[in-house]
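Take a look at the structure set out below.
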Amino acid sequence: MRSTGTYAASTTLGESVQAFVPHALPPAKPALAPESFVEANRAAELALARLSGVAGLVPSVDWLLYSAIRKEALLTSQIEGTQATLADLFDEEAGFAVNNTDDVEEVTNYLRAFRLVQSQLRDPAGLPLSVRLLCDAHRLLLDGARGNGKQPGELRRSQNWIGGTRPGNAVFVPPPPERVPALLADLERFIHNTDNGSQPLPPLVKTALVHLQFETIHPFLDGNGRIGRLLIAALLEHWGLLPEPLMYLSGYLKQHQFEYYRRLSNVRTEGDWEGWVAFFLEGVATAAHDAERNIVAIATLLATDRRSLLAAPKAGPSSYRLFEMLPMMPRFTIDQVRQKLATSFPTATAAVKVLEDLGIVTELTGQKKNRSYSYAAYIALLSAV
Ligand SMILES: Nc1ncnc2c1ncn2[C@@H]1O[C@H](COP(=O)(O)OP(=O)(O)OP(=O)(O)O)[C@@H](O)[C@H]1O
Ligand SMILES: [Mg+2]
């Protein structure tokens, strides 16, 4: 078996424990066996290329991205235990009252963190993919009530552990805090090193290794899973595997959460990098296929509803314009329609009525005043993983 790392004595809560310090990437002696990933890597790359291609079929990718990014934000937060739903998120954005305020905040924090990373990477003068950028993202992710006391934006200064009630019976004790900066510097080097020796690893395989190593280092007091999964999305873009974040890999990781954690552990305990990489590549292929199918289903729904609108005698310009806005405004009030269409209240009301009579949108409150509407079929399709 390969050596996977070393152990260092560390103390926490007055207990002394053996903390695990992983070797720098890539796995060596022996190197990753190409036959273990070549096929699966090709399939996963193909699935990503197809996904990018399908996105090209729709007239605007804005609404695809709008929904895909929110889905990933939601699912990655659900792995952590957040209870918010996609409808909660849309309600919050429409300014409606939501129940799970804290949970929704956690999801919107992820969205802010993701946007920060994306804009920095796309800006030629922005930060590169680096520890500094991940810390900035972490600050946004843990902003607010829940992050209090979790040192948002900072690498941990104390020993942490995973699983178990105390460090002594933990499943896993990550490296001592004083080792974290150097381990992350190694990881940064691995990401940016274009010369990977005689056997260059494909970018998806490197992405799998980076996520694994990040989780093993566990550099923050909380939010390691979410920042580590954000790192996956960032790398897919950085390495040109998926030019736009259309995939929500967290759906797969959530569905296979037990195996996800077990595979991470098995690298440390058994040197099974191949098993983790295979699991990850399978996840990418599956998630990309799911996203592709979902895009086709949504595009079909929109085409069907658009056809019925075009055939409706009462439909006018405002109802057409409203319909085209729905994918990025699936929950709304009449007043929001009035503002977006820069029109009068009666015109906005009439536009909504056309869509309501066609059964495209439904009213939610049952009240006479302050009515709010939902494009429910669309939200239902988005919510299906
Ligand atoms: N045995 C393990 N070895 C290494 N990493 C693990 C192990 N088990 C879980 N992890 C990683 O640690 C993450 C949990 O860490 P943490 O609570 O800091 O992150 P989070 O973002 O708050 O929560 P979550 O990841 O549950 O969403 C998991 O999502 C997973 O990525
Ligand atoms: Mg957590």
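Index from 1, following the sequence. Here the structure is a predicted model, which means the values were calculated and not measured. Counting convention: from 1, in listed order, for ligands and their atoms alike.
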Review point. Closer than 2.8 Å to the Mg ion (ligand 2), which protein N, O or S atoms?
Key: Glu80 OE1, Asp222 OD1
Check your understanding: Can you tell me if Asn100 and Asp88 form a side-chain donor-acceptor pair at under 3.5 Å?
Key -> yes
Revision key, fill the gap. Across all chains, not counting sequence neighbours, the ring pair (Phe, Tyr, Trp, His ring centres under 6.0 Å) partners of Tyr320 are none
Practice item. Could you pull out every protein residue that has a heavy atom closer than 4.0 Å to ligand 1, ordered by chain and then number? Key: Thr76, Ile79, Glu80, Ile162, Phe172, Glu215, His218, Asp222, Gly223, Asn224, Gly225, Arg226, Arg229, Tyr260, Tyr261, Leu264, Ser265, Arg268
Exercise for review: Kindly indicate whether a cation-pi arrangement holds for Lys206 with Phe190, taking the cut-offs as under 6.0 Å to the six-membered ring centre and within 45° of the axis.
Suggested key: yes
Practice item. List in chain and number order the residues that pass salt bridge (Lys or Arg N to Asp or Glu O under 4.0 Å) with Lys340, two or more places apart in sequence or in another chain; answer none if no residue qualifies. Key: none
Check your understanding: Judged by atom type as modelled, is there a donor-acceptor pair below 3.5 Å linking the side chain of Tyr378 to the main-chain atoms of Ile298?
Key -> no
Is there a side-chain contact between [X] and [Y] in this structure, where contact means two heavy atoms from C-beta onward sitting under 4.5 Å apart?
| X | Y | value |
| --- | --- | --- |
| Leu32 | Phe37 | yes |
| Leu89 | Thr85 | no |
| Pro245 | Glu72 | no |

Point to revise | Evaluation steps, side-chain hydrogen bond (donor to acceptor under 3.5 Å, both in side chains), between Thr76 and Arg229 | key: CA-CA 7 Å; Thr76 191; Arg229 291 186 290 273; 2.7 Å; yes
